[in-house]
2 protein chains.
Amino acid sequence: MSLAQEMFAIAPAMGKANLSASQLKLLSGKARWIFRVGEAGFPTVPTIALTRAAWEALQSERTRRESKLRTHWVACLFKLVGKDALPPTLVVRTSAASHNGGLMPAKIGIAAPENPEDSVDPMRPLAKAVKAAFDSYGFGPGWTGRADEDRGRQIVLVQAAAQGEVEQFLTRNATTGAMGPAPVQGAPLPRLPESVDALVALVDAKAGRHMCCTVAITRGQVVFLSARPSQVSAAAELEAAVDRVNRKIWSAQNAVSRVDPNRLAQLLHPRLRSTEGAAPIAVGLGVSPGAASGIVVFNPDDAARMRARGKHCILVVTETGPADIEGMKAATGILTARGGMSSHAGVIARITGKPCVAGVRTLSVDAVEMVCRIGDREFRTGDRLTIDGSDGHVYAGQLSLAQPHIGGAIGTLLDWSDASRSIAVRTNVETVESAKTALSFGAEGIGLARSEHMFFSPERMVALRRVILSEDENDRSRAINGLVDYQTGDYSALFSTMQGLPVTVRLFDPPLHEFLPRSEEEIEETAASLGLAVRALRINLERIAEVNPMLGHRGVRLAITYPEMLQMQMQALMAGARAASETQSDPVAVEVMVPFVSTASEVAWVRDRVNAIAANSGLLRNDRVRFAFGTMIELPRTCLRAGDIAQMVDFFSFGTNDLTQTTFGISRDDAPTFLAAYQRKGIYERDPFVTIDEKGVGEMIAIAIQRGKAANPKLKIGICGEHAGDPASLKFFAGLGVDYVSCSPYRVPVARLTLAQASA
Amino acid sequence: MSLAQEMFAIAPAMGKANLSASQLKLLSGKARWIFRVGEAGFPTVPTIALTRAAWEALQSERTRRESKLRTHWVACLFKLVGKDALPPTLVVRTSAASHNGGLMPAKIGIAAPENPEDSVDPMRPLAKAVKAAFDSYGFGPGWTGRADEDRGRQIVLVQAAAQGEVEQFLTRNATTGAMGPAPVQGAPLPRLPESVDALVALVDAKAGRHMCCTVAITRGQVVFLSARPSQVSAAAELEAAVDRVNRKIWSAQNAVSRVDPNRLAQLLHPRLRSTEGAAPIAVGLGVSPGAASGIVVFNPDDAARMRARGKHCILVVTETGPADIEGMKAATGILTARGGMSSHAGVIARITGKPCVAGVRTLSVDAVEMVCRIGDREFRTGDRLTIDGSDGHVYAGQLSLAQPHIGGAIGTLLDWSDASRSIAVRTNVETVESAKTALSFGAEGIGLARSEHMFFSPERMVALRRVILSEDENDRSRAINGLVDYQTGDYSALFSTMQGLPVTVRLFDPPLHEFLPRSEEEIEETAASLGLAVRALRINLERIAEVNPMLGHRGVRLAITYPEMLQMQMQALMAGARAASETQSDPVAVEVMVPFVSTASEVAWVRDRVNAIAANSGLLRNDRVRFAFGTMIELPRTCLRAGDIAQMVDFFSFGTNDLTQTTFGISRDDAPTFLAAYQRKGIYERDPFVTIDEKGVGEMIAIAIQRGKAANPKLKIGICGEHAGDPASLKFFAGLGVDYVSCSPYRVPVARLTLAQASA
């Protein structure tokens with residue numbers, strides 16, 4: 001493209017612009033909208049554009065006292081003049097691809113140059129304004145423009161000054177997404193002629209998103225000046241997308257592909273309606289998304305009391321443990337001084353869907369005195385706090401919340417998604433309540449039921465502690481039998497809720513220390529309930545304590561060292577399946593998987609025992625129960641040995657959290673001390689616990705799938721780590737040819753949408 | 001082979017045996033030696049052999065009243081009859097590949113069968129004895145024979161009864177390895193005719209190991225009856241091997257290939273001379289090899305006092321910490337109630353070469369009262385204990401020890417090894433004393449100097465704690481400067497000791513909690529030395545505590561979050577190199593490596609800073625210092641990204657301990673709770689922390705080497721995990737084409753020998 005071609009009319013006063021392909025590529029920001037609206041035939045303010053390269057060439061030609069380019073430039077300027085009209089007053093604007101701080105505001109009221117020389121003389125008004133516009137493009141803080149090599153392609157616009165009143169409006173309502181014209185936030189909707197409707201329809205169709213339009217109105221005539229995208233709520237975006245399909249602007253598939261799954265996620269939790277005027281008093285880790293607002297409480301009893309009175313409360317503790325489960329369930333949100341993503345608080349909060357901010361360093365809690373301090377402020381029971389589990393912010397007082405709702409536009413969009421999706425979406429739940437939520441969000445099965453979570457209640461915890469700590473064989477056997485009874489009921493209820501959809505139960509995988517008493521009080525209680533001396537219990541607890549529990553005596557290692565636990569679980573599972581099968585017409589689909597495997601020999605050992613118990617139950621003979629056996633893949637060695645293992649199992653389920661921890665050698669709980677510095681210094685582009693690390697963990701998964709399928713072509717592949725709820729990760733998994741993903745209930749809609757996009 | 005051929009003379013009374021290849025294959029145990037000695041022309045007792053298959057065929061033929069095989073059998077029996085002699089009295093023996101409990105003892109004085117029918121009739125003496133011999137082959141406990149399918153090939157021998165005195169002797173001395181005849185343990189050497197010397201030489205040359213021979217002597221005539229291998233000390237084996245080379249029975253290379261490196265290892269630590277009559281009173285984990293015997297002490301002061309008086313002592317503690325270092329150095333051996341392989345006690349003991357038994361569950365220590373209990377026995381200062389750090393046994397009282405010595409036969413064998421070895425052997429040390437030991441064992445450089453170990457002294461520990469815990473910037477800077485001064489001297493001395501051999505320094509990689517005070521007393525002391533309130537220090541310590549320190553804030557993560565530590569280290573290193581270079585003619589060879597890397601971006605970040613400091617030192621311009629930069633490979637992700645990383649480094653050094661922990665997802669410290677069950681149930685064939693797991697960790701290493709070399713053909717490859725001292729692992733590494741291995745000083749000879757064998 002010659003430099004002469006880099007000065008051109010994008011909306012000539014007369015006729016069409018007729019731009020070349022290279023010229024079209026230069027149109028960024030406003031320029032693009034002025035051109036598109038003008039081309040569509042809507043009255044548009046005459047506008048020309050020139051690039052920085054063209055401008056610099058004009059200047060250098062001027063010092064050489066030549067005039068070839070200048071002639072072009074003047075010809076361009078004449079395109080701003082209407083038929084039989086006088087040269088108009090001019091306006092000079094920048095036109096950057098995105099809004100940048102520091103750019104020159106439009107310069108208005110510029111007299112048209114009186115002669116060609118004036119049109120390029122930086123001392124004269126027009127050229128002076130053009131120079132100032134180019135100079136205002138910078139690369140300081142806040143500048144989001146492209147890198148230096150593209151500077152030459154930055155453009156400045158010269159327009160004929162518009163006549164009449166200048167007005168602004170949105171193409172769609174910022175809250176409801178309904179077709180506009182609609183008021184710009186904080187301003188009343190101006191009185192607009194009817195012809196604006198055509199402009200709104202035109203811009204909405206072309207942009208496919210909320211736009212803020214600027215027009216001039218003279219005696220009922222509307223002239224388009226410019227448009228820019230407008231940030232609106234996720235809800236408004238979604239409603240607009242569905243409306244566009246209803247108006248046949250988009251196909252349903254188009255709508256599915258245009259909605260950002262991350263925006264959808266924002267709709268699925270209570271969230272702060274606005275934080276305007278509210279400054280956070282502390283920042284911790286947002287470990288369970290959503291916002292919560294309520295009365296401060298310091299113990300489970302108070303939380304239960306509040307709940308009984310229908311009041312929202314925030315449970316504030318130093319850290320949570322098994323004794324706090326009931327309190328956490330009763331509370332609306334949880335705030336802790338210690339702990340990270342996989343702390344007890346984080347895990348339970350995500351399971352129960354409670355917003356949670358953890359690890360607030362400036363928080364200290366005195367549970368006895370029932371008072372906490374956040375920085376230099378004091379809060380007592382009765383005071384109110386608001387927490388945002390999405391970004392870890394903590395606010396004093398009560399902020400207004402918006403509740404999530406599935407159905408309406410979200411429901412429609414998700415239904416459309418399902419039509420083009422080929423990968424199943426399951427959910428990670430273990431309670432009937434969560435399972436129902438997940439079903440309402442469209443889950444197609446349970447991909448991860450963490451059996452140990454079924455013990456998160458005080459009375460079961462006592463039984464479990466007896467199994468772990470009892471020194472008396474008979475006592476332990478009795479405790480195990482008690483647990484079988486509990487679990488049978490749990491499984492039966494879960495299978496019945498899922499009505500024949502597959503339920504994948506992970507065999508017991510507790511880091512044991514999580515189930516043990518910690519505080520003085522708990523130790524004393526536990527000793528009493530076990531009939532042990534406190535001192536004996538303490539010695540026992542010290543013996544069991546692990547240096548690195550994440551890499552310790554857990555998962556399949558427990559099944560092999562304590563075969564009676566495996567037996568207990570399998571018996572409960574088959575009894576639960578039997579009970580459920582008697583009350584429903586669909587066969588119960590039970591899938592059992594072994595966690596934390598690193599060798600094929602472990603899988604073989606467990607499989608023999610699991611299959612024997614399943615076969616002995618007699619349930620597999622009559623088609624009332626369908627049974628499958630699989631393994632978690634969550635360690636690097638398991639990925640490498642996937643070929644051996646695949647021959648023994650029906651499915652692989654990738655636990656991407658643990659696989660990320662071991663592949664990187666990072667304890668997620670301990671990462672916060674350096675992760676911030678890592679992201680600041682550019683060592684990590686993204687947090688590998690949020691978005692799957694494609695180059696490392698991703699290759700591990702790819703190796704396992706390739707080797708596994710080569711050895712067993714019927715092998716099913718699932719992903720059940722938290723990455724299964726992250727859009728970027730889901731796109732990667734879709735490329736690996738997985739059969740299903742399994743995420744937390746609130747992430748099910750996100751996965752449905754993302755996987756539909758990935759299948760398209 | 002027909003069944004008739006499975007009955008044959010292995011030493012006929014007249015002529016040669018003329019065995020077929022299949023018959024030769026059947027010769028196991030004694031049969032083999034009878035055949036070989038007879039074939040060599042030495043008078044040998046006439047002997048025939050038959051297989052169980054042949055025997056069963058003879059029996060089945062008998063019930064069918066046929067006689068074809070029997071005719072063969074009788075012909076065989078006639079081979080036992082000398083020229084013009086009468087049929088001899090017979091002896092029936094088993095002949096198993098290895099000695100098995102429960103086998104029938106030789107049945108002597110059997111009359112030769114009077115007719116062919118008698119030779120197969122189980123009611124008659126010969127056939128009765130043969131049947132009893134076959135019946136005694138079993139598969140009960142202690143049976144080490146082959147699996148069932150080889151039963152048919154088990155053999156029984158029938159011999160002519162020998163005349164004269166039956167005598168036994170060894171082919172070589174069981175202690176010195178000198179050529180025999182030598183006495184069998186516990187018996188005097190019988191009077192033997194000179195012709196025995198020829199037999200000794202013959203058997204020694206054929207067997208290449210100590211053999212116990214049985215002969216019959218009649219009027220000065222020696223007749224060979226049988227021979228079996230004899231277990232002797234590693235020292236005797238080694239001396240014998242060197243003697244065979246001196247006698248030109250073996251080539252030097254032959255000797256190198258025949259000595260088992262694991263046997264060599266037994267010679268390199270003090271060891272118990274004998275445990276006869278001594279029963280261990282407890283068993284813990286043998287975490288640092290060698291035996292030690294001495295007076296029980298409970299604190300560093302007492303240990304130092306004992307040492308000053310030239311007395312050996314065993315430091316007995318619940319667990320060790322930084323405050324115990326001086327005590328550990330002063331003690332002869334260490335015994336702890338808690339901790340595993342990578343506990344503080346284990347690590348320091350291996351570094352300092354002190355025998356250590358850790359994690360003795362039945363031990364309780366009262367350091368204040370200065371008394372410990374092991375089971376129901378009590379020990380006070382002054383009592384004596386003996387520990388064996390090789391097998392974890394603890395004995396009451398003083399047992400006799402044998403000291404290691406390099407030189408003599410070991411030195412000769414290792415010199416021969418070096419001639420055929422192509423992979424270099426370096427050592428893991430960080431003190432001048434250990435470096436000298438390693439050099440005396442033939443180390444060709446330092447492959448791993450753990451810089452954080454240089455802080456294992458009380459005064460440096462204070463300075464380091466100040467760096468970690470101080471809340472005052474100036475205070476911290478001063479502490480850092482103090483550390484630079486310490487380290488400069490350390491590095492300079494280490495470089496000088498190594499006289500131009502490469503010294504690979506690993507940048508600071510402490511699991512921080514190991515350097516922090518733990519006991520009440522230590523916390524109070526540390527608080528005082530830092531000028532902090534005890535309560536403030538405690539809060540600080542709690543803040544720093546990690547859930548999984550093994551996967552926490554360590555290695556390169558520290559260099560990136562605390563760049564001043566990296567700077568401090570590099571400055572000390574270059575200053576040390578400068579000082580050393582001024583006192584020696586060879587250039588100082590400094591190699592710096594980054595630990596616990598998981599991304600190429602970490603390597604790039606550190607490399608830029610390391611190279612800048614190295615370049616700024618000015619030392620690289622004049623050839624006085626040779627500098628190289630490399631990275632540890634100890635995480636799965638690093639293996640996968642080896643291609644990216646290789647382009648930025650001169651070498652890879654595999655840390656196989658951490659790579660095993662992360663690849664398997666096993667914390668070595670916590671593994672003891674399930675590892676025993678795993679080995680018992682056959683889940684693991686071998687402990688992956690002792691012998692490298694070829695199929696998992698091994699493939700990880702292979703991937704990294706392949707990708708690394710593809711990206712950078714000049715890349716050097718080293719192994720510096722503890723597997724580098726394990727023969728089986730070393731053979732695997734040799735196959736991967738590594739350039740060097742680096743192991744603890746005492747393992748250097750083992751590596752030299754093993755790698756010579758691997759290169760052959």
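First the proteins, then the strands, lettered A, B, ... as listed; each starts at 1. Just so it is clear, the values below take in all heavy atoms, side chains as well, and ignore hydrogens, waters and symmetry mates.
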Is the number of heavy atoms from other residues, nucleotides or ligands within 6.0 Å of CD (B:Glu685) greater than 12?
-> no
Quick check: are there more than 12 heavy atoms from other residues, nucleotides or ligands sitting under 6.0 Å from OH of A:Tyr678?
->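 It does: A:Tyr678 OH has more than 12 such atoms within range.
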For the pair B:Arg668 and A:Glu546, find out whether any cationic side-chain nitrogen is under 4.0 Å from an anionic carboxylate oxygen.
-> no
Say you draw a straight line from [atom1] of [X] to [atom2] of [Y]; how long is it, rounded to the nearest 0.5 Å?
X: B:Arg554; Y: A:Asp670; atom1: CZ; atom2: CG; value: 12.0 Å
X: B:Arg641; Y: A:Asp693; atom1: CZ; atom2: CG; value: 8.0 Å
X: B:Leu675; Y: A:His553; atom1: CG; atom2: NE2; value: 10.5 Å

Identify which part of A:Arg557 has an atom lying under 4.5 Å from any heavy atom of chain B, answering side chain, backbone, both or neither.
-> both
By a 4.5 Å heavy-atom criterion (distance strictly below it), what part of A:Arg338 contacts chain B: side chain, backbone, both, or neither?
->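 For A:Arg338, the contact with chain B is made by the side chain alone.
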Heavy-atom closest pair, residues [X] and [Y]:
X: B:Arg637; Y: A:Lys695; result: NH2-CB, 3.9 Å
X: A:Leu635; Y: B:Phe664; result: CD1-O, 3.2 Å
X: B:Val547; Y: A:Pro549; result: O-CD, 3.3 Å
X: A:Ser598; Y: B:Tyr684; result: OG-OH, 3.9 Å

For [X], is it the side chain, the backbone, both, or neither that has a heavy atom closer than 4.5 Å to a heavy atom of chain A?
X: B:Val556; value: both
X: B:Pro688; value: neither
X: B:Thr599; value: side chain

Heavy-atom pair count under 4.5 Å with chain A, highest-scoring of B:Leu558, B:Thr638, B:Asp658, B:Ile560 | B:Ile560
Using a cut-off of under 4.5 Å for heavy-atom pairs, which of A:Gly665, A:Gly682, A:Ser343 has the most such pairs with chain B?
->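 Of the options given, most contacts go to A:Gly665.
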If you tally heavy-atom pairs under 4.5 Å between each of A:Val597, A:Thr561, A:Ile666 and chain B, the highest tally belongs to A:Ile666
Expected output: side-chain A:Ser667 to main-chain B:Leu551 donor-acceptor under 3.5 Å |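 It does not hold such a pair.
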Is the shortest heavy-atom distance from the side chain of [X] to the side chain of [Y] under 4.5 Å?
X: B:Trp605; Y: A:Ile683; result: yes
X: A:Thr662; Y: B:Pro636; result: no
X: B:Met700; Y: A:Leu640; result: yes

